[in-house]
> 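Would you mind keeping the following structure in view while I ask a few things?
All values below come from the heavy atoms of this structure, side chains included, with hydrogens, waters and symmetry mates left out. Each ligand, and each atom within it, is numbered from 1 in the order the structure gives.
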Amino acid sequence: MKVYFDNAATTAIDIDVFEAMKPYMLEHFGNPSSIHAHGRQVRTAIERSRKKVADLLNAAPAEIFFTSGGTEADNTAIRCTVSEKGIEHIITSKIEHHAVLHTVESLAKRGIKVSYVNLNDKGQVDYDHLEDLLKSHPNTLVTLMHANNEIGNLLDIERVGEMCKAHGACFHSDTVQSMAHYAHDMQELNLDFAVGSAHKFHGPKGIGFLYINHENKIHPFIHGGAQERNMRGGTENVYGIVGLAKAMEIAYADMSGHRKHIEELKTRMIEKLRNAIDDVAFNGVSDDLNQSLYTVLNVCLPPNEDNDMLLFNLDIEGVSASGGSACSSGSSIGSHVLAELNRDQNRGAIRFSFSKYNTLEEVDYAVEKLAKLYQPETA
Ligand code: PLP
């Protein structure tokens, strides 16, 4: 059996997304900047896609800018806001994705003051501390992710948006993991910037978008031609854009159905693991369905001499999972997110992340294989 439980890393493309993209690879290959018929046809497809994304987010098409993915969108929002809006201070957290963390660190080297909001033992933001930081620093950009990609913790973005508004701070949220999994309403959220990346919701890789609230006027991060209404130089990734919009449309068409199915998988895995492995626990609040991203479960395993080989051993059994985004070697060592949690370093960590394509049978299979690694040796 081959089981893919690494959907927070990337998801399988939906066949209907692929079908929607195909004509823009084969037949409609014009450059959208060209004014002839071949170009115009493709331009229309881009603008139709932009409108679709905007409608789903209850935003205006002029607030959606296509990028090469989440990383570029995060960089654009943070760097351009700092350089153009007189930002002197950034509030972020130590468990952001590197697309944010490394961007902020590079700005700190150039003299921007950075404050890291306190987190509790489970990696949840201390909202009182955030309030204090906002009170004592004018000209602030807050960049806090909605859903953590490793442990699934959710931020109360409504609350943080209100706080930022009250203190006149800009608010960027890395919404890569929650986009198209939750129905974000840009009229309701006080967000200046939000981010989407198609490959996290069954769309193609290498395409994403930045939502920029219309009250923010910033200049391009990538300079070049006049594409994206002068906001992002470079010939558009037309089939990527078409695929992104189609993937978002499919996600929204049955968001509650997908959520229900995935929550069932997650609940089953939590229960089965609790029954099968003594002393199993969960990192962050990923076992609390009300406070975590429903697609992510980060399991904290008892100390075991083979914990370093955990992912490798599961891989041999046909189960693809992850130890954390920074992990490429088959162990959980190196996760800057887990390092911030108050946890026993001898314990193993494994992230299972689910999609609409996963089944209960796959959950049962993965738990059985994982549990085998924790059973006492019998002579
Ligand atoms: N932010 C988060 C929370 C992510 O999980 C990822 C992808 O892993 C990114 C940003 C980067 O997105 P992309 O792969 O589209 O550059």
Side-chain angles (χ1 to χ4, degrees), residues 4-13 17 53 64-79 92-106 119 123 125 142-155 157 160 171-182 184 191 193-211 221-222 232 234 236-237 239-241 243-245 247-248 251 283-284 286 292-298 320-328 334-338 340 351-355:
Y4 184 76
F5 276 153
D6 202 12
N7 290 281
T10 197
T11 54
I13 201 159
V17 170
V53 172
I64 304 298
F65 297 88
F66 293 113
T67 64
S68 65
T71 303
E72 184 193 320
D74 284 334
N75 268 266
T76 304
I78 297 170
R79 287 184 186 281
T92 189
S93 85
K94 288 268 173 78
I95 61 170
E96 298 300 303
H97 189 274
H98 283 145
V100 167
L101 216 46
H102 289 167
T103 305
V104 169
E105 283 164 8
S106 81
L119 305 171
V125 164
V142 173
T143 170
L144 289 171
M145 69 206 309
H146 179 222
N148 187 280
N149 50 302
E150 290 194 37
I151 53 177
N153 285 14
L154 286 175
L155 181 80
I157 38 173
V160 176
F171 181 26
H172 160 254
S173 186
D174 177 345
T175 47
V176 164
Q177 288 290 339
S178 63
M179 189 60 72
H181 296 282
Y182 293 80
H184 295 305
L191 272 168
F193 303 96
V195 178
S197 177
H199 73 106
K200 307 291 185 182
F201 49 88
H202 306 291
K205 293 170 182 59
I207 184 71
F209 67 88
L210 176 62
Y211 158 83
F221 173 58
I222 293 188
R232 196 236 181 213
E236 295 89 336
N237 174 355
Y239 37 82
I241 291 170
L244 180 149
M248 231 165 129
N283 290 312
S286 64
S292 67
L293 180 63
Y294 56 88
T295 52
V296 166
L297 182 67
N298 196 310
S320 295
S322 161
S325 69
C327 166
S328 53
S335 161
H336 67 287
V337 175
L338 296 180
E340 292 300 317
R351 178 188 71 181
F352 293 106
S353 47
F354 313 102
S355 85

> Regarding Ser286 and Arg351, do their side chains bring together a donor and an acceptor under 3.5 Å, going by distance alone?
no
> Which atoms of ligand 1 are found less than 4.0 Å from any heavy atom of Ser197?
13 (P), 15 (O)
> Side chain, backbone, both or neither: which applies to Lys205 and ligand 1 if a contact is any heavy-atom pair less than 4.0 Å apart?
neither
> Using a strict cut-off of 4.0 Å, indicate which atoms of ligand 1 neighbour a heavy atom of Gly69.
15 (O)
> Answer with yes or no whether the side chains of Glu150 and Ser335 bring together a donor and an acceptor at under 3.5 Å.
yes
> Judged by atom type as modelled, is there a donor-acceptor pair below 3.5 Å linking the side chain of Asn148 to the main-chain atoms of Ile95?
yes
> Return the minimal non-hydrogen interatomic distance between Ser173 and Ile157, and the atom names on each side.
OG-CG2, 3.8 Å
> Can you name the nearest heavy-atom pair linking Lys94 to His336, along with the distance?
O-CD2, 3.4 Å
> Quick one: does ligand 1 sit under 4.0 Å from the side chain of His199, the backbone, both or neither, non-hydrogen atoms only?
side chain
> Does the side chain of His172 pick up a donor-acceptor pair with the side chain of Thr143 at under 3.5 Å?
yes
> For ligand 1, which atoms, with element, lie under 4.0 Å from some heavy atom of Met145?
3 (C)
> Applying a heavy-atom cut-off of 4.0 Å, say which part of Thr71 lies close to ligand 1: side chain, backbone, both or neither.
both
> Between Asn7 and Thr295 (side chain of the first, backbone of the second, donor and acceptor by atom type, cut-off under 3.5 Å), is there such a pair?
no
> For ligand 1 and Gly70, I'd like to know whether there is a polar contact (N/O to N/O, distance under 3.5 Å).
yes
> May I ask you to list the atoms of ligand 1 that are less than 4.0 angstrom from any heavy atom of Asn149?
3 (C), 5 (O)
> Heavy atom under 4.0 Å from ligand 1: found in Asp74's side chain, backbone, both, or neither?
side chain
